[in-house]
Protein chains: 2
Amino acid sequence: MTAQPRRAGSVGVVDLARDLGVSTATVSRALNGSTAVRPELAERIRAYAESRGYVANRLARALSANTSRAFVGFVIPYVDTPAYSAVAAECARLLSTDGTQMILTVTGNDPEQELRQLRELVASRIAGLVISPTTGVLDETRRLLGGLPVVELHRASGIEAPGVFSDDEQVMVESVLHLAALGHTSIGYLGTPEELSNGAVRLRGIRRGMVLAGLDPERMETRLVEPTKENGYAAAESLLTTGITALVVGGGSLSVGTAQAVWADGRRVPEDLSLVVYGDPQWFALANPPLTTIQVDYAGLARRAAELLIEGLDARHSGAAGPSPGAHLVAPRLLPAGSTAPPQN
Amino acid sequence: MTAQPRRAGSVGVVDLARDLGVSTATVSRALNGSTAVRPELAERIRAYAESRGYVANRLARALSANTSRAFVGFVIPYVDTPAYSAVAAECARLLSTDGTQMILTVTGNDPEQELRQLRELVASRIAGLVISPTTGVLDETRRLLGGLPVVELHRASGIEAPGVFSDDEQVMVESVLHLAALGHTSIGYLGTPEELSNGAVRLRGIRRGMVLAGLDPERMETRLVEPTKENGYAAAESLLTTGITALVVGGGSLSVGTAQAVWADGRRVPEDLSLVVYGDPQWFALANPPLTTIQVDYAGLARRAAELLIEGLDARHSGAAGPSPGAHLVAPRLLPAGSTAPPQN
DNA sequence: ATGAAAGCGCTAACAA
DNA sequence: TTGTTAGCGCTTTCAT
């Protein structure tokens with residue numbers, strides 16, 4: 001029999017080393033695939049480790065190596081929308097193939113909270129992180145982010161880092177043109193404020209679409225509000241009084257609120273109002289008629305974010321340049337359905 | 001000037017101790033609120049640490065203490081449903097107030113993967129975890145879970161641990177009675193297999209409801225399938241050929257698939273078919289008419305899970321008993337809307 | 001190719 | 001009340 005490890009069920013390198021009559025250094029080397037160990041010995045060590053069910057203590061490993069990709073962070077502002085929670089979960093899935101564990105934190109869109117969380121993540125020696133920044137990122141936060149491989153998601157905070165965003169400008173252009181082609185000239189837009197980087201992008205797309213459609217963007221009924229369902233409901237109610245015949249919504253929660261406001265108002269879709277919503281078509285397909293949706297590729301965003309993060313970690317390790325710090329766009333799709341049709345007047 | 005810390009931007013206990021002319025032990029004690037340090041000194045140490053922007057290395061701390069609540073795990077099978085991803089995110093939010101970071105992992109409902117993830121979590125010396133077990137939990141997995149404070153979520157795997165579940169039996173009874181009271185006698189049920197603990201619970205509720213309604217559960221059209229949207233669509237299609245006048249769905253993804261199948265079939269709701277779906281009413285409210293929904297309290301589930309986990313951690317620390325290992329139920333609500341009405345024949 | 005030994009940054013005995 | 005000294009379990013020089 002071999003000696004009992006101190007902590008029940010936990011085998012360590014010293015146990016392996018003792019049992020095999022080699023040094024802990026050799027064990028470590030074998031386990032980490034160092035070439036500096038006789039292949040046959042290495043194999044024997046690995047086999048024994050396996051048989052003993054050895055799993056390295058990630059804490060000790062990371063602490064010792066002082067640089068490891070044991071952990072990465074994922075920082076999101078909200079929990080109740082798939083844009084964040086589903087993307088986070090998908091990212092965790094993808095990262096696990098890299099042997100990396102993902103620590104998830106939620107800021108509530110509060111910059112102070114964000115800083116606190118980030119400090120704690122750094123205290124856990126994360127190798128890098130994906131973040132959807134709050135609206136008012138603090139300077140200190142920015143400084144901390146400067147020291148790590150960072151990937152921004154959905155929102156940009158002005159730091160020098162690669163960011164993964166839905167390519168909304170183009171699809172917004174397309175949405176407006178779609179409606180214009182159907183004959184609409186009174187088109188409204190409900191979106192998020194320009195202070196949110198993605199809000200600005202979407203609005204720009206909308207305006208460009210108006211121009212391309214030969215319509216005046218200045219005269220378009222526009223509402224820009226913080227992205228909550230309630231705000232969407234209220235803003236939509238207000239828009240419905242303006243005589244528009246078509247409405248584009250730029251935001252997932254806003255879309256839910258809008259749909260509810262439209263039903264509540266008794267407005268028939270698409271007879272009285274053509275409607276283009278934004279988000280996960282899985283849900284909007286439930287509406288009757290199914291809603292024409294700007295389908296965001298959440299899985300694609302998660303994949304790209306995971307890839308960029310891993311690239312960043314690799315670069316940090318090898319001293320290379322890392323992924324280009326700018327927008328990495330994932331194309332959404334305009335999914336035409338029954339909620340858009342020619343105006344009926 | 002104080003000496004430069006080795007690693008840029010990182011102050012350690014030794015730095016603080018040196019600068020203050022005390023020992024690292026005293027610093028550690030002060031920072032951890034030990035009573036065994038002169039209050040005035042403690043305060044001075046804390047103030048200085050604060051001023052230097054000291055944040056303890058969580059890895060070192062956890063490694064040294066050999067028992068800490070630096071990390072907990074959260075293990076889910078799927079990413080694309082709010083039942084998992086939103087609950088996970090909310091839990092992360094709640095745990096952070098406890099100073100605990102949450103590592104999120106996804107199993108893809110694969111028992112092997114689940115075991116691998118769990119091993120890695122243990123390797124990160126997690127203090128405990130919340131898990132939605134896969135359908136075929138491996139023995140080794142069970143053994144590992146036995147060594148930790150565990151809280152089960154949504155699904156039970158037969159281990160001795162507290163679990164947080166939606167109290168679906170009661171609401172299923174209620175759903176059937178609701179339909180029966182409207183005059184339906186041909187009621188169908190589409191749910192998840194009995195192998196899934198929550199599938200069994202729901203089916204039991206449905207059957208009890210049938211009995212209470214004076215209907216024969218044996219003659220009820222029933223389909224039990226793995227919870228995916230596609231399966232829901234297919235099963236619903238099949239159910240629509242059976243002449244039922246009302247349908248209860250027990251599962252979020254199944255509900256989405258069902259709704260789509262019903263629309264595709266051209267069935268009018270509620271004239272041709274009364275429909276009760278399951279999940280987040282936010283989305284089902286979009287349907288026209290809005291769907292009568294079994295509203296699961298995801299936030300409530302997350303809260304309860306976080307509470308139980310923390311209780312478990314506290315108990316482990318203090319040697320107390322810990323939360324009672326059984327079902328902790330969170331009540332869902334039947335939210336009547338426009339998709340249920342008396343049968344029209 | 002291998003081993004001895006020095007840490008990684010912290011906490012916790014044990015002394016004083 | 002405070003300091004000294006071992007570790008926690010691993011990786012990594014530096015010798016050999």
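Letters go in sequence order (proteins before strands), and every chain restarts at 1.
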Q.
Taking salt bridge (Lys or Arg N to Asp or Glu O under 4.0 Å) as the definition, give me every residue that meets it alongside B:Glu311, ordered by chain and number, with sequence neighbours left out.
A.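 Partners of B:Glu311 under the salt bridge (Lys or Arg N to Asp or Glu O under 4.0 Å) test: none.
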**Q.** Partner set under salt bridge (Lys or Arg N to Asp or Glu O under 4.0 Å) for B:Glu152, not counting sequence neighbours
**A.**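 Applying salt bridge (Lys or Arg N to Asp or Glu O under 4.0 Å) to B:Glu152 gives none.
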How many Å lie between [atom1] on [X] and [atom2] on [N], as a whole number?
{"X": "A:Asp15", "N": "D:dG9", "atom1": "CG", "atom2": "P", "value": "9 Å"}
{"X": "A:Leu63", "N": "C:dC10", "atom1": "CG", "atom2": "P", "value": "9 Å"}
{"X": "B:Leu20", "N": "D:dT2", "atom1": "CG", "atom2": "P", "value": "12 Å"}
{"X": "A:Leu59", "N": "D:dC10", "atom1": "CG", "atom2": "P", "value": "11 Å"}
{"X": "A:Arg58", "N": "D:dC10", "atom1": "CZ", "atom2": "C1'", "value": "13 Å"}
{"X": "B:Arg44", "N": "D:dT1", "atom1": "CZ", "atom2": "P", "value": "16 Å"}
{"X": "A:Arg18", "N": "C:dG3", "atom1": "CZ", "atom2": "C1'", "value": "17 Å"}
{"X": "B:Leu16", "N": "C:dG9", "atom1": "CG", "atom2": "P", "value": "13 Å"}

Non-neighbouring partners of [X] that pass side-chain contact (heavy atoms from CB on, under 4.5 Å), sequence neighbours left out:
{"X": "A:Ala315", "value": "A:Ala320"}
{"X": "B:Ala36", "value": "B:Ser34"}
{"X": "B:Thr134", "value": "B:Thr107, B:Asn109, B:Pro111, B:Glu114, B:Val137"}
{"X": "B:Ala65", "value": "none"}

**Q.** Nearest atoms (heavy-atom pairs only) where B:Ser124 meets B:Ile103
**A.**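 Taking every non-hydrogen atom into account, CB-CD1, 4.3 Å.
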(Q) For the helix from C:dA1-D:dT16 to C:dA16-D:dT1, what angle separates the axis at the start from the axis at the finish, each from five pairs, in steps of 10°? (A)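 Comparing the axis at each end, I get an angle of 40°.
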**Q.** Contacts of type ring pair (Phe, Tyr, Trp, His ring centres under 6.0 Å), residue B:Tyr298, not counting sequence neighbours
**A.**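 Ring pair (Phe, Tyr, Trp, His ring centres under 6.0 Å) list for B:Tyr298, sorted by chain: empty.
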Q.
I need a per-nucleotide contact map over nucleotides 11-16 of chain D, read 5' to 3'. Cutoff is protein heavy atoms under 4.0 Å; write B for the base, S for backbone only, - otherwise.
A. BBB---
Q: Kindly indicate whether a cation-pi arrangement holds for A:Arg58 with B:Phe71, taking the cut-offs as under 6.0 Å to the six-membered ring centre and within 45° of the axis.
A: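 Output no; distance or angle outside limits.
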